[in-house]
**Student:** 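If you scroll down you'll find the structure; I have some questions about it.
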Amino acid sequence: MLPKKNKKYFLDTLPTHLYTRKMSFPLRIPSSLPLFSARINKIKMPQTSFSSKTQNPTTRNKNPGNENVNAGSKTELQVFVRKKKVEKNVEVTAKEDITEEHVQQKLCRPLDIEDFAYGKSCGYSWSTLPPDNWERVLEGIRKMRSSEDAPVDSMGCEKAGTSLPPKERRFAVLASSLLSSQTKDHVTHGAIQRLLQQDLLTPDAVDKAEEATIKSLIYPVGFYTRKAGNLKKIAKICLLKYGGDIPSTLEELLLLPGIGPKMAHLVMNVAWDNVQGICVDTHVHRICNRLGWVSRPGTKQKTSSPEETRESLQLWLPKEEWVPINPLLVGFGQTVCSPLRPRCGICIISEFCPSAFKEG
DNA sequence: ATCCAGGCGG
DNA sequence: CCGCCGGGAT
């Protein structure tokens with residue numbers, strides 16, 4: 001259903017941690033979406049006050065219930081909240097009927113409203129403030145990555161079984177993701193090739209094969225004993241619960257043995273072409289923290305786990321970057337921003353990096 | 001000898 | 001939160 005003129009679309013609750021303490025939020029209506037206006041409707045809770053900081057201080061509006069925000073403008077709202085429950089907070093009004101044509105012309109992306117509601121992204125969001133200069137930083141990393149040759153460029157598990165029919169391809173991607181953790185890409189690739197030659201890349205075949213056979217074929221990937229067992233279990237689960245296909249939701253993928261958050265997001269991205277979240281590994285985790293791009297909710301402390309990094313990063317990074325950010329930062333982490341002794345001397349974005357020349 | 005790095009169990 | 005899993009690379 002496309003939005004209708006003057007109909008109000010309410011945006012539901014903010015993520016809890018955003019309103020449990022004093023924080024400021026950016027409300028961004030990108031100029032590519034001129035067909036909506038947003039206004040602060042109401043926040044149902046005691047002990048709440050509002051103030052807004054716009055580019056021009058004279059536009060300060062003392063009435064929190066009627067804060068109009070122009071499309072294309074960037075207005076920062078400060079929300080002081082003491083209680084946790086927020087029922088309705090923001091509404092978006094369509095300025096005219098939105099048609100298929102608007103969508104085609106990218107004048108409007110109705111789904112963005114939903115993203116907005118959950119504080120996700122797409123430029124149409126409640127979120128933490130994007131870090132200063134993030135676009136320049138990203139551009140600089142791209143530039144460095146285009147000249148340097150990182151291991152991640154040569155082979156990635158996302159290329160697994162590109163020639164296979166969809167269902168087989170998905171299983172190949174899942175198997176490849178499973179094997180690739182803690183393992184160099186060319187080793188993973190070799191193991192997948194051997195499985196492919198033996199026709200052992202379908203749930204059916206894997207289920208029938210001996211675990212020892214699989215184990216010897218995938219050697220020397222990291223933890224091959226456990227992975228051989230997990231692969232068989234996964235094959236069985238695919239057969240019993242998913243008709244020989246792989247699970248199509250994040251939650252179900254996470255239930256598979258040996259599949260954690262990192263791989264589950266990777267599989268959703270690659271096998272299903274369905275971006276549910278950012279694939280965060282230790283490189284992304286480390287670099288985002290060095291750049292000051294993520295922090296523990298409501299603080300300036302570093303995030304303590306890749307999962308926390310993922311949630312923090314998703315709050316501001318535009319969704320178009322969710323997939324490319326991983327190979328970009330992994331390669332950058334392998335060649336320049338290494339875990340120990342990062343090569344800040346050759347890094348062209350060190351001027352923007354709060355951690356530059358601070359370690360090792 | 002030490003590091004790498006995702007998932008999992010304690 | 002910590003240590004282990006089991007190889008390869010350096």
Side-chain angles (χ1 to χ4, degrees), chain A residues 148-158 160 173-195 211-238 246-247 250-271 276-290 294 296-297 299 301-311 313 323 325-343 359-360:
Chain A
E148 296 252 4
D149 212 21
V152 71
D153 294 332
S154 52
M155 260 168 292
C157 76
E158 57 273 14
V173 170
L174 179 60
S176 174
S177 302
L178 177 77
L179 299 186
S180 71
S181 72
Q182 280 65 38
T183 307
K184 299 286 180 221
D185 283 333
H186 68 273
V187 176
T188 312
H189 191 253
I192 290 291
Q193 288 305 307
R194 288 191 295 278
L195 288 174
E211 194 167 314
T213 313
I214 299 185
K215 187 171 157 181
S216 64
L217 281 172
I218 65 176
Y219 179 91
V221 301
F223 318 124
Y224 56 91
T225 309
R226 190 183 303 267
K227 283 178 186 172
N230 283 342
L231 188 57
K232 273 191 72 75
K233 283 181 203 150
I234 287 176
K236 189 135 225 140
I237 294 170
C238 287
I246 68 170
L250 194 69
E251 292 71 25
E252 290 169 313
L253 284 168
L254 286 169
L255 291 176
L256 301 175
I259 301 293
K262 195 247 169 185
M263 294 311 175
H265 281 105
L266 185 67
V267 171
M268 285 307 290
N269 292 352
V270 177
Q276 294 284 310
I278 299 170
C279 181
V280 173
D281 57 26
T282 57
H283 294 286
V284 177
H285 178 54
R286 175 182 72 249
I287 295 167
C288 287
N289 275 295
R290 280 188 180 159
V294 293
R296 304 186 71 164
T299 74
Q301 300 167 324
K302 293 180 168 195
T303 56
S304 53
S305 69
E307 270 297 270
E308 209 171 55
T309 298
R310 185 179 62 74
E311 301 204 340
L313 192 56
V323 173
I325 193 85
N326 179 271
L328 193 68
L329 293 193
V330 171
F332 180 57
Q334 288 168 335
T335 55
V336 179
C337 198
S338 42
L340 45 80
R341 283 189 250 287
R343 300 158 70 188
E359 313 176 24

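Note on naming: letters A, B, ... go to the chains in the order of the sequence lines (proteins, then strands), and numbering restarts at 1 for each one.
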**Student:** Within this structure, what is the CG-to-C1' distance between A:Leu329 and B:dA5, rounded to whole angstrom?
**Tutor:**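 In whole Å, B:dA5 C1' lies 16 Å from A:Leu329 CG.
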
**Student:** May I have the distance from A:Asn230 (atom CG) to B:dG6 (atom P), rounded to whole angstrom?
**Tutor:**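 Taking atom P of B:dG6 as the reference, CG of A:Asn230 is at 16 Å.
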
**Student:** Could you pull out all residues at least two apart from A:Lys236 that satisfy side-chain hydrogen bond (donor to acceptor under 3.5 Å, both in side chains)?
**Tutor:**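 With sequence neighbours excluded, A:Lys236 shows a side-chain hydrogen bond (donor to acceptor under 3.5 Å, both in side chains) to A:Asp207, given in chain and number order.
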
**Student:** Is it true that the side chains of A:Thr309 and A:Thr303 contain a donor and an acceptor less than 3.5 Å apart?
**Tutor:**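 Side-chain D/A pair, A:Thr309 to A:Thr303: present.
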
**Student:** In residues 211-219 of chain A, which residues come under 4.0 Å of DNA chain C by heavy atom?
**Tutor:**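 Only A:Tyr219 qualify.
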
**Student:** Can you tell me how far P of B:dG6 sits from CD of A:Gln182, to the nearest Å?
**Tutor:**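 The distance from CD of A:Gln182 to P of B:dG6 comes to 6 Å, rounded to the nearest Å.
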
**Student:** I need the CG-C1' distance between A:Leu254 and B:dG6, as an integer number of Å.
**Tutor:**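 In whole Å, B:dG6 C1' lies 13 Å from A:Leu254 CG.
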
**Student:** Using heavy-atom distances to pick each residue's nearest nucleotide on DNA chain B, tell me which of A:Ile259 and A:Lys184 is more 5'.
**Tutor:**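 The residue mapped nearer the 5' terminus is A:Lys184.
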
**Student:** Would you mind telling me which of C:dA9, B:dC4, B:dG7 lies closest to the side-chain atoms of A:His186?
**Tutor:**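 Among the listed nucleotides, the one closest to the side chain of A:His186 is C:dA9.
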
**Student:** Is the side chain of A:Lys215 donor-acceptor paired with the backbone N or O of A:Thr225 at a distance under 3.5 Å, no angle test?
**Tutor:**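 No, the answer is negative, given that no donor and acceptor are paired below the 3.5 Å cut-off.
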
**Student:** Would you indicate what A:Asp281 reaches in the nucleic acid, counting non-hydrogen atoms under 4.0 angstrom: base, sugar-phosphate, or nothing?
**Tutor:**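 A:Asp281: backbone/sugar contact only, no base atoms under 4.0 Å.
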
**Student:** Please classify the nucleic acid contact of A:Lys262 as base, sugar-phosphate, or nothing, using heavy-atom distances under 4.0 Å.
**Tutor:**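 Contact class for A:Lys262: sugar-phosphate only.
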
**Student:** Would one find more than 12 heavy atoms of other residues, nucleotides or ligands at under 6.0 Å from atom CZ of A:Arg194?
**Tutor:**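 Count over threshold, so yes.
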
**Student:** Check whether A:Thr183 reaches the backbone of A:Ser181 with its side chain - one donor and one acceptor, N or O, closer than 3.5 Å.
**Tutor:**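 Side chain of A:Thr183 to backbone of A:Ser181: a pair is present.
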
**Student:** Please determine if a side-chain N or O atom of A:Thr282 lies less than 4.0 Å away from the OP1 or OP2 oxygen of B:dG6.
**Tutor:**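 Yes, A:Thr282 has a side-chain N/O under 4.0 Å of OP1/OP2 on B:dG6.
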
**Student:** Please work out if A:Pro306 contacts a base, only the sugar-phosphate, or nothing of the nucleic acid, heavy-atom cut-off 4.0 Å.
**Tutor:**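 Nothing: the residue A:Pro306, judged by heavy atoms under 4.0 Å, touches no strand.
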
**Student:** Tell me: CG of A:Leu255 to P of B:dG7, nearest whole Å?
**Tutor:**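 Distance check: A:Leu255 CG to B:dG7 P gives 14 Å.
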
**Student:** Is there a side-chain contact between A:Cys288 and A:Leu329 (heavy atoms, below 4.5 Å)?
**Tutor:**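 They are in side-chain contact.
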
**Student:** Just checking, any donor-acceptor pair under 3.5 angstrom between side chains of A:Asp185 and A:Ser180?
**Tutor:**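 Side chains of A:Asp185 and A:Ser180: no pair found under 3.5 Å.
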
**Student:** Which one, C:dA9, C:dG7, B:dG7, comes nearest to the side chain of A:Pro220?
**Tutor:**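 Among the listed nucleotides, the one closest to the side chain of A:Pro220 is C:dG7.
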
**Student:** Between B:dC3 atom P and A:Arg341 atom CZ, what is the distance in whole Å?
**Tutor:**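 Answer to the nearest Å: 10 Å.
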
**Student:** For A:His283 and B:dC3, give me the distance from atom NE2 to atom P, rounded to whole Å.
**Tutor:**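 Result: 16 Å.
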
**Student:** Between B:dG6 atom C1' and A:Phe223 atom CZ, what is the distance in whole Å?
**Tutor:**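 Those two atoms, CZ and C1', are 8 Å apart.
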
**Student:** Which part of the nucleic acid does A:Gly222 contact within heavy-atom distance under 4.0 Å: base, sugar-phosphate only, or nothing?
**Tutor:**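 Since a base atom lies under 4.0 Å of A:Gly222, the category is base.
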
